[in-house]
Amino acid sequence: MTSQEYAFVVTAVLGALAAVGTVTARNVVHAALYLVVALASVGVTFLLLGAEFVGWVQILIYVGAIVILFLFGLMLTKAPIGRDSLDGKNRVVGAVVAVLVFAGLVGLVQAAFPFDGAPALPAAGGSLDIGTAMFTDYVLPFEAVSFVLLAALIGAIVLARKDEGDPR
Amino acid sequence: MIRLPLVLTFSALLFSAGIYGVLARRNAVMILMAIELMLNAVNVNLVAFSAQLQDVTGQMFALFVIAIAAAEVGIGLALVILLFRNRASINVDEVSLLKW
Amino acid sequence: MVGLLGFVAAEGGETAEQAAVAANWFAEHVWLIPLLPFASGVLTLFLGKRTPGKGTVYGILAVFASFVLSLGVLWSFAHGGADVEQTADWFTIGGLHLELGVLVDGLTAAMLVVVTSVSLMVQIYSLGYMHGDIRYTWFYVVLSLFTGAMLVVVVSSNVLQLLVGWEIMGVCSYLLIGHWFEEQPNSNAAIKAFLTTRIGDVPMMFGFFALIAATGFTTTNIGETTRAIAEGGVSTAFVAGAALLLFGGAIGKSAQFPLHVWLPDAMAGPTPVSALIHAATMVAAGIYLVGRLFEVFVVADPVVLQIVAIVAAITMLGAALLAIVQDDIKRVLAYSTLSQLAYMVAGLGMGEAGYTAGFFHLFTHAFFKALLFLGAGSVIHAVHSNNMSDMGGLKRSMPVTFWTMLIGSLALAGIFPLAGFWSKDELLVVAQETGTTWLLVMFLLTAGLTAFYTTRMVLRTFFGTYEGAAHPHESPRSMTAPLVLLASATVGVGFLGAPQLGAVFGDWVHFGEHHEAEFNAVLALAGTAVALVGIAIGLAVYRTRRATDPMEKTLGPLWGVLQHRYYIDDFYMATVVRPVRDRVSAGVYWTNQHLLDGAVNGAAALARVSARIVMWFDRTLIDGAVNGAANITGETGGLLKYLQSGNVQWYAIGLVAGVIVLTAFFIRL
Amino acid sequence: MGSVDYHAILPVLILAGTVMVVLVADSFLPRRAAWAGMPLAMLGVVAALVATLTLIGEERSTFGGHYVVDAFTLVFQVLFLGVAVVVLAVSLRYFREGGFYQGEYYFLLLTAFLGCVLMPASRDLLMLFISLELVSAPGFLMAAFRKGDIKGNEGGLKFFIIGVLSTAVMLYGMSIIIGLTGATRLDEVATGLAGLSGAQRTFADASILFVVVGFAFKVSAVPFHFWAPDTYEGAPVPVAAFLGVASKAAGFAGLLQLMFVAFIGEHEYWVPLFAVLSVLTMTLGNLVALQQKQVVRLLAYSGIAQAGYMLLPFALVSADAGVNAAAFSAAVAYIVIYAVMNLGAFAVTTAVARRHPRLLVSDFAGLARAAPVLGVGMIACMVSLAGVPPTGGFWGKLLIFQAAIERGDLGTWLASIMVINSVISIGYYFSILRVIPQETADTEPMDVSWLVTVVVALAIVGLGVIFILPNAVAHLGDVAVLGTGA
Amino acid sequence: MTWENSAITITTLLPLAGAIVIVLVPKDRDRLVRGLGIVITGAALVLAAAIAMGFDYGAGGLQYVLDTTWIDAIGARYHVGIDGLSMPLYLLTYLLTFLCAIYTWRYVPSPGRTKAFVALMLLLETGMAGSFIAFDLILFFVFWELVLVPMYFLIAIWGSANREYASIKFFLFTLFGSIFMLLGFLAMYFTSDVDGAHTFDMLKLQGFAQGGGFSHTFQLIAFGAIALGLAVKVPMWPVHTWLPDAHTEAPTVGSVLLAGVMLKMGTYGFLRIAIPLLPEAARVYAPWIGLLAAIAIVYAALACLAQKDLKRLIAFSSVGHMGFVMLGIATMTEIGFQAAVFGMVAHGVITGMLFFCVGSIYDRYHTREIATIGGGMSQSMPKMAGIFSFVAIASLGLPGLAGFWGEVMSLLSAFNPNAALGLDVGTYRVFMVMGGIGTVLTAGYFLWMLQRVNMGTLPERWKGSGFPDILAVEWVSWAPLLVLTLVLGLYPRLVFGMTNEAVRSLTGLFGG
């Protein structure tokens, strides 16, 4: 156990708790805040793994932008508060399925990458390489993603905007 | 440093929590949040493997996933708002006009 | 033309050489004989209505020509002409080669004369009898077709060609019985006749198949097939079977027990038709068939001929008894015909020896029975009724009819020297010679009965007082002339078989070695005596006309049995129908509605009821299986669609659960 | 890393340019003239199509092998661009009269087609993922384009939720595969997978399944199909056409590459999986379709069933390269044929929607009289979808069938199940077909856009060509098989 | 391209081209469309006749062969040709369609739509004719199925009251059967190995089969599948139940073509495919086919007796007649095969004509209920009644008319089946007797039908309805059939002469 690993474990536990909180909280705002914590812990994990660029992007975009978006969404839709209004009737089924998934995934992970004797990860690094790659090999996906974002943007505006009169 | 299985386990937990949220939450925005958790789980994997393999590909991939996730959130919220405007409710279990 | 001139010349008594040439000409042109009536039938059909006389002229001229040619053929045989066979390729199917052909021997020649002469008489007679009928032209068309078909049967040299003629004859008979099809009983009778004969025809067809099979499916030629049978190579059982099957055809067409039921009903047709088809010619075709293929019967196990004789005996006596109780004059004659046909069959049943006698009776019977029918027709024409109870005392108003019918009746009764006497006598002789005493007794018994019912008929028709409604009058020339001609034939033809005159008929028609008929005075006397006794009893009973038939009291319960035709028709109905009726309660009413008349209708009803069951089977089981399968798939879809609950989270659960299950299932651990 | 091969990506460039032009033009067009986006888009699509055609016979690769032009790419690109032409044509009137946001719609539609066009050329996991999203994201939005209609919202939302969920699962799988193999290029993934063993291989296999989920969702394979009927029904009919044809074909274009190139080495593992998917999909689709009364919904289930047939060739993969080639070419040929007949059906449905917005099966009664070309077209498409010999659908099925028999054992069973399913499917195709010639009180001729008429006529001609020259289509698959090196 | 190798292709595809032309004619030019229909079918008939003229009847084997590539992806070739077995049926197809086109001149049944009607009829013609010339299994199958859709629409659109049920039943039944047939074809394809390749070519497969290429078990299975498909089309008992419905509901022209030609595709398939390609299995199945055929004969006759609907009665009678054809085939003898082909042609001519009659009767009475017609047609329409009787009597197998030879020769062949079957003759003799019973019953129902339709007096309700007797158009379209009925009856060589050589080589496969 290195110090980095300790830090990761703390972050991960925090993040995990926050994640569970996100999906179980009875108050929408609480849920959103839990989400902030969970996403931030993921960002911290990235940083701990040495992926600085991705880590900061995570923190800025998710914590900074997306969660705000969620909050706006919650306010606009006047989301009510309370277990019944947030959770559906299939909590049990959902829980069973989720536990199964978790067990399965952990099983697979443990089998494929046994904990005992697993080597410590080196730092991911490469933030500079990312910049280069983004505009050389990855220029095509980059352009494509920009179209996805553009489409999402335009489409979201069209759908979300309040029409006066004619257009359905 | 950090051992891979630990990271992967964290990711699995995020992913499972997300699945639970998608299945159990009735509020559409909550579902969107749960999905974000799942996508983040993926990113955790990608970055961890990127570190293990000492290759930026994983990180690149993660960046694209983040971008796409942002787009999805935008689309999702637009749909939710649209639904809310027409129904004054965003509980997905009440949305079952279309069936059979 | 050369031949015709030769014929005339030969008649003029020129050289034998010329005569031979002429004779050959006739024999070689036999094919014209059936063709002419067919041609006239077609002409009448298409042009008849636009020709003067509504087309009758074609038929009569054609039959007359055929008649002349037939006489020529017979004459050639009289002058020692040999058998002639001419064939032309027809078609080949597999290894089976079929030829269209004519086979002329003495039997053919005699039959040709019978058919053409009676047909000619009937056609002339019909000019008057059918005058003003709604389907006058059509009647002549069918009459011509019938004549042609019958002639085809007579001249055929192969079995399938014979079958063609045979069935066309059947259809013509059907059309003519049902000529007045506006009345349902007539069309019923027509159908009954066709179907009953067809029941016989099917075995006959199988018999033909057997013959063809015996040649290894190479030919259908009568000579070759019968030779193939006779020369062995096939088992005796096979031959016996074939013979019995062939006899089936004769039973049907010649109305022998147990398929005799159609003939009395067939009297629903116009009387000339009854005379031609149901007395003189078509019904004789069955006998002709047996004669034509007699080789098969002869080489077959003797039991076959015994069966033939027994069937004949039953029919002979049974029909004669039935004739006693009939009121309908045509039915009297119909049963008489049955009985006389049985004589002929019995003759053949006695084997080679009876061959000539049987056919001689066919020959003579054709003339006097045609005469009797035409006479009866003349009477019916006058009184507008078939029933003898509506007649009586017609002797004075219809002298020609009376006298000619009297001749016919005496001939039927077997009184010397009329035709019937000679032919019956010959049969008696053969029975005595072959030692079939039981048959001899039957012959005599039947002869007595025949004389009795004939007397009854004549007395009830022509003597006593007239009891009908119409005003009887003598028939027109066109009708009386044939009567007179036939009456003279009745007087004359018997001598062709008279032993004292050389029995020329036997020179023409014989099987194997010509069997010289002896004259047996004792038998002749016995026959005559029996006939006279019959007449005497008849006179005694029916001399004075009474309201009810005196025999009714005399016969007691037997009268009822006879009135119900021995319950045979009823029996058919009961045995065939009852099993169905007990199960299908609704069938009872239905059966009563439709099955009152006869065995054929009964059989048809059985068929119809089973048809319903078949239909049910069809609808319920077969369709049901198909529809059932369709329903099952539909229902499954109906349940499955509820998977699509409309709740998106259930969809998500489905998705994730699907992933879990599939992973769990297919993962290699 | 050489310079970019602009000729190779020319179609993509043209299409992308058109997307921008349409978007920009729309903001300048007055609302009355908003329909003009359609001709603009059409122009771009046709230009892209021409550009694609100039590439025929070429083998090119650019962006470090992320983008490859070969026969497979071209077959699908031409197909997608053709579909785009048709969808655009049938959209014009529907959207113009429906009071929709037209410019944005054309923009989104073209963006989605951009994704479609990228899909077959993409040869790595990342590009496949992004192409898929490029198809999906506009799809989610267009599905909900009937803004005022709750059903439209509902359909869009369901599509979105299931879509994003399956994307997440797919990404998880991809992340593991990348981690295990260290590669994203499909051929490298194949080599990487070959080097795995033990538990890692097991994990990789599970991940393959996760990846398949993303595409199985796209092609609406059971049990990832639930969104399809609801979404189709709620969406504008032309969008349903897009989802039912282009989006589905794009899914298959991706799936074909993944399974026949990247994951080919693991076929022993995933062949039974696809067998199950295929059987489930065709059977459930057919059985439920029997119950449908609404035409778009029925077409959705029909599309599910058809997807089952298209999945069948995947289950035929074996060590025998000959059989694989046959299966691959059968799948490609079937997809092409399916696209033609299904588009025809949707085109007709779009036109009918104008008079009968509810689009019940009974609304098609009398179509043969009201609009003969549409009636005949619908009949031709239904007969063909049902696989009645000797129509296109039949040839497609026959190719699959032959491949299945060639494969033997499992293939034979699958072939039998397919035959049974084909028989069942006749039931619902005929439920539509049989009402078309019926006589109805309403004999007034239907007012049909000439564009739709032309499109339907083209579909009829297309089916006719397949009918007379089945060889041509059968060989499309052969051509495409060369490109993947499968 | 010479006349020799392109003649049948041109002739077969001409109606298809004609259908396309007709689709392009403006909708309101009704007469023109019908006229075109007559001209096109007439031209096709002339071409077919020219082919028949140029045919060498003495030579065995195929003539007018064209064998070229088609769909190499699935191994199918465009192999067409004609031989003695195909020729009569090929000609019959063109004749009947031509007559149907003429019959249509007067009017197109409700709901009109002349263009579609004529075009479908032409499409049908191509399909039917094509199945008789195809020598590649897939090509055969394509033509075979091509018939299905036009016929479906002919019934579904122009049929009578219950048309929907009938058309769908027809479609599903036949499609169901043909799927099995296709499976059989494919099985043969995959099993075959001619010069190292699989093949769909009938002649090559025949050679392969002769060389013992197909195992016994394989033959049994493949024959079963193919025979099922064919049997539905024939239709053999008990898969015949689609037929009465389809025939009854179809418009006159549809019934004529259905009965006249389409049913023959099934029996032809037995002679062309099932038996020569799978001779061993044919030997095993023969008695069973014979049994079904014999059952069909009796069953159909009984069913006919129960019918109240005139057209349905005729429809059921087809089942019986095809039973005779199948019985002939089941004997595996030269005579039997010949009888079968003759029976097909005769049935086509006679039953086609019967359906014409019934159609025309329906036109006048607007009912097909025998009880409602109530008899007396001889009074209202003597000529119609006469023709109807003539045809009915021909149909019951009267010697001298066409119906006779097929029946009698089929029964004759059943007397002694092919020795190669290794069966006791008794089995087939039982079938023969059943057939014989069938002929009696057949006579029964036809005569009973005539009694109830033609005979008796005209019921009150029809008095003064002034039915026109046979019209000119009807005369023109019927006369050839009537003449043919008579000519075939008197001169059966017309058909037997054509088929002799082909049948000989077919029987040669059994060494019988």
Inset, instruction - Let me know if B:Met60 has heavy atoms under 4.5 Å from chain A in its side chain, its backbone, both or neither. - result: side chain
Inset, instruction - Could you tell me whether A:Tyr34 atom OH has more than 12 heavy atoms of other residues or ligands within 6.0 Å of it? - result: no
Inset, instruction - Pick one of side chain, backbone, both or neither for A:Leu69, based on which atoms fall under 4.5 Å of a heavy atom in chain B. - result: both
Inset, instruction - Could you walk me through whether A:Val99 and B:Tyr20 pass the side chain to side chain contact (heavy atoms under 4.5 Å, CB included) test, one step at a time? - result: CA-CA 8 Å; A:Val99 167; B:Tyr20 171 78; over 6 Å; no
Inset, instruction - Quick one: which of B:Ile81, B:Leu83, B:Leu13, B:Leu82 has the most heavy-atom pairs under 4.5 Å with chain A, could you say? - result: B:Leu13
Legend entry - Pairwise distance CG(A:Leu49) to CG(B:Leu46) - rounded to 0.5 angstrom: 11.5 Å
Inset, instruction - Can you measure from CG (A:Leu105) to OG (B:Ser11) and round to the nearest 0.5 angstrom? - result: 7.5 Å
Legend entry - Heavy-atom check, side chain of A:Leu159 versus side chain of B:Leu79, under 4.5 Å: yes
Legend entry - Segment of A:Thr22 engaging chain B (4.5 angstrom heavy-atom cut-off): both
Legend entry - A:Val101 versus chain B, the contacting section by heavy-atom distance below 4.5 Å: both
Legend entry - Where A:Ala19 and B:Leu37 come nearest, the two heavy atoms and their spacing: O-CD1, 3.8 Å
Legend entry - Proximity breakdown for B:Thr57 and chain A, heavy-atom pairs closer than 4.5 Å: both
Inset, instruction - Please state whether the side chain, the backbone, both or neither of A:Leu35 comes within less than 4.5 Å of a heavy atom of chain B. - result: side chain
Inset, instruction - Kindly say whether A:Arg161 contributes a backbone atom to a donor-acceptor pair with the side chain of B:Arg85 at under 3.5 angstrom? - result: yes
Inset, instruction - Kindly give the heavy-atom pair with the smallest separation between B:Asn43 and A:Gln58, and that separation in Å. - result: ND2-OE1, 4.4 Å
Legend entry - Non-hydrogen atoms of B:Ala12 and A:Val106 that approach each other most closely: CB-CG2, 4.2 Å
Inset, instruction - Just give me the residue among A:Ala151, A:Ala98, A:Ser41 that pairs up with chain B most often, heavy atom to heavy atom, under 4.5 Å. - result: A:Ala98
Legend entry - Nearest atoms (heavy-atom pairs only) where A:Gly73 meets B:Leu77: CA-CD2, 4.0 Å
Legend entry - Best-contacting candidate, B:Ile31, B:Val22, B:Leu63, against chain A by heavy atom pairs under 4.5 angstrom: B:Leu63
Inset, instruction - Please look at B:Leu32 and chain A and tell me whether the side chain, the backbone, both or neither of the residue comes under 4.5 angstrom of a heavy atom of that chain. - result: both
Legend entry - Most contacts with chain A, counted as non-hydrogen pairs under 4.5 angstrom, among B:Val73, B:Ile19, B:Leu14: B:Val73
Legend entry - Side chain proximity check, A:Gln110 to B:Thr9, heavy atoms < 4.5 angstrom: yes
Legend entry - Engaged part of A:Phe72 at the chain B interface, taking heavy atoms whose separation is under 4.5 Å: neither
Inset, instruction - Let me know if A:Ala112 has heavy atoms under 4.5 Å from chain B in its side chain, its backbone, both or neither. - result: neither
Inset, instruction - Against chain A, label B:Val7 side chain, backbone, both or neither, depending on which of its atoms sit under 4.5 Å from a heavy atom there. - result: both
Inset, instruction - Let me know if A:Ala95 has heavy atoms under 4.5 Å from chain B in its side chain, its backbone, both or neither. - result: both
Inset, instruction - Quick one: closest heavy-atom pair of B:Val47 and A:Ala51, and the distance? - result: CG1-CB, 3.5 Å
Legend entry - Contacting region of B:Ala48 [heavy-atom separation from chain A under 4.5 Å]: both
Legend entry - Considering all heavy atoms, the nearest A:Ile66-B:Ala70 contact: CD1-CA, 4.0 Å
Inset, instruction - For residues B:Phe49 and A:Phe113, establish whether the separation of their ring centroids is below 6.0 Å. - result: yes
Legend entry - Greatest number of heavy atom pairs closer than 4.5 Å to chain B - which of A:Phe142, A:Phe53, A:Phe102: A:Phe102
Legend entry - Residue selection (most heavy-atom pairs with chain A, distance under 4.5 Å) from B:Met30, B:Met33, B:Gln52: B:Met33
Inset, instruction - Indicate yes or no: at least one non-hydrogen side-chain atom of A:Thr11 is less than 4.5 angstrom from one of B:Phe10. - result: no
